[in-house]
2 protein chains.
Amino acid sequence: MKMSEGVEWGLHCALILGNLPPTTAMPAKALAELHGVSESYLLKHLKSMTAAGILESLPGPRGGYRLSRPATEVTVLDVVDAIEGKGPAFRCTEIRQRGPFPAPAEICNRKACMISATMLRAERAWRDVLRAQTIADLGAEVVSDVEPERLGKIFDWVRERTRS
Amino acid sequence: MKMSEGVEWGLHCALILGNLPPTTAMPAKALAELHGVSESYLLKHLKSMTAAGILESLPGPRGGYRLSRPATEVTVLDVVDAIEGKGPAFRCTEIRQRGPFPAPAEICNRKACMISATMLRAERAWRDVLRAQTIADLGAEVVSDVEPERLGKIFDWVRERTRS
DNA sequence: GGAGTGATACTCGGATATCTGGTGTCCGAGTTTTCGCGG
DNA sequence: CCGCGAAAACTCGGACACCAGATATCCGAGTATCACTCC
């Protein structure tokens, strides 16, 4: 079970975009350069986040990406779902309906397999943790962590590449 | 993020093996037939579980697999880890050390990236749920769920293929 | 000088290769049983 | 009838193809800007 590397990229980008003044945007080229990753590939993930309603994209010069709602209303789970897809990691293939003693389909429709229920319960706990943390929370923690001097340089660099 | 289908197979097999009398074993051929899956491929996962110390394998005729310890001491997490591998789903690639303003390596070694910390916290919650449930628990729930008549047939079928 | 118009530069979006890891299968090593033979 | 030994049958273990999804890239569509021309 491996999570896409794009999730990390998407979260870092969301953090940057969450610290931008409202109604301003930042192009993917700048985001890619700031994080040292491929612009073409990052674009793919930003597109997914846009499709999920987390980001807004503005075409043309002075265009770019921005959060579609305040950072306090975007959770880490939103970003993960946007990039990884919403489906659960564990997919019950209904093994109990196979083999020489298959379980009747109507019973299976009525009550889920206990194995599936356990796995889904675990995933719900996982999702709850991610849903409890917003991009704003995470951004604040990161900001308080990074050395002030470096933080200033980053902010300046970002400001220069911010378009309204 | 997709979990290997083998986890489902492994859990079902563990449930069956957990209901066997101690010191008896069941061959992979029977386990595969009972669940309606490929024996060759199931063997691969049983091997992983054996390597992880969950199962014991006995070669030769009258051989097969059995739990290496009581079902009350095998957790669902043990099975998942055995088949999926122990590594976390989210791997921090230390993006903060890249780009034009890289974070100093010594700081990164001292304190983990906040994004990584959040993802790992979520995974810990996930693992806690899976660790809290043993194969014995799960087996009892499944047994109480399945229709008594079908359960009896399965037990008989399994008993016939159980070797000591 | 100002408005209109065309070219330009820059942005995102989608279609297209490549590659790693999960999926699936096969053959070989090892052990127990079984059968046959000799005493 | 009993003991010994070789062959066979059955088990797991590891090596080898195959395929889906993630990774990575490029080219095209669309838009705001800019320069130039004309009024």
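Numbers restart at 1 for each chain; the letters A, B, ... are given by sequence-line order, proteins then strands. On a predicted model such as this, the values are computed, not experimentally measured, just so you know. Just so it is clear, the values below take in all heavy atoms, side chains as well, and ignore hydrogens, waters and symmetry mates.
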(request) Grab the two heavy atoms, one from B:Ala32 and one from B:Glu39, that are nearest each other, plus how far apart they are. (result)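 The pair with the smallest heavy-atom distance is CB-CA, 3.5 Å.
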(message) Using the rule given for side-chain contact (heavy atoms from CB on, under 4.5 Å), can you reason through A:Met26 versus A:Cys13, listing the C-alpha separation, both sets of side-chain angles and the distance that settles it, and then say yes or no?
(response) CA-CA 10 Å; A:Met26 192 170 178; A:Cys13 289; over 6 Å; no
(request) Report the residue from B:Leu77, B:Ile83, B:Val76 that forms a side-chain contact (heavy atoms from CB on, under 4.5 Å) with B:Val79. (result)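 It is B:Ile83, the one option of B:Leu77, B:Ile83, B:Val76 that forms the side-chain contact (heavy atoms from CB on, under 4.5 Å) with B:Val79.
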(request) Can you spot which of B:Asp128, B:Val129, B:Leu130 makes a side-chain contact (heavy atoms from CB on, under 4.5 Å) with B:Trp126? (result) B:Leu130
(request) May I have all residue pairs that pass side-chain hydrogen bond (donor to acceptor under 3.5 Å, both in side chains) and include part of residues 61-70 of chain A, sequence neighbours excluded? (result)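 For residues 61-70 of chain A, and leaving out neighbouring residues, the side-chain hydrogen bond (donor to acceptor under 3.5 Å, both in side chains) pairs sorted by first residue read A:Glu56-A:Arg66, A:Arg69-A:Asp78.
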(request) Spell out protein contact along nucleotides 5-18 of chain C as letters: B when the base is contacted, S when just the sugar-phosphate is, - when no protein heavy atom is under 4.0 Å; keep the 5' to 3' order. (result) ----BBBSSS----
(message) OP1 or OP2 of D:dT23 versus the side-chain N and O atoms of A:Ser38: is any pair under 4.0 Å?
(response) no
(message) Please determine whether a side-chain nitrogen or oxygen atom of A:Tyr41 lies at a distance below 4.0 Å from atom OP1 or OP2 of D:dT23.
(response)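 The answer is yes; a side-chain N or O of A:Tyr41 sits under 4.0 Å from OP1 or OP2.
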(message) With rounding to the nearest 0.5 angstrom, report the CG to CG distance, A:Leu17 to A:Leu31.
(response)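 Spacing of CG (A:Leu17) from CG (A:Leu31) equals 5.0 Å.
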(message) Rounded to the nearest 0.5 Å, what separates atom CD1 in A:Ile95 from atom NE2 in B:His35?
(response)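 The NE2 atom of B:His35 is 6.5 Å from CD1 of A:Ile95, to the nearest 0.5 Å.
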(request) Could you tell me the separation between the CD1 atom of A:Ile83 and the C1' atom of D:dA24, rounded to a whole number of Å? (result)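 So the two atoms are 16 Å apart, to the nearest Å.
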(message) Between B:Gln133 and B:Thr75, is there a side-chain donor-acceptor contact under 3.5 Å, judged purely by atom types and distance?
(response)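 Looking only at side-chain atoms, B:Gln133 and B:Thr75 do not form any donor-acceptor pair under 3.5 Å.
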(request) Could you identify which residues of residues 3-15 of chain A place a heavy atom less than 4.0 Å from some atom of DNA chain D, listed by residue number, or say none? (result) A:Ser4, A:Glu5
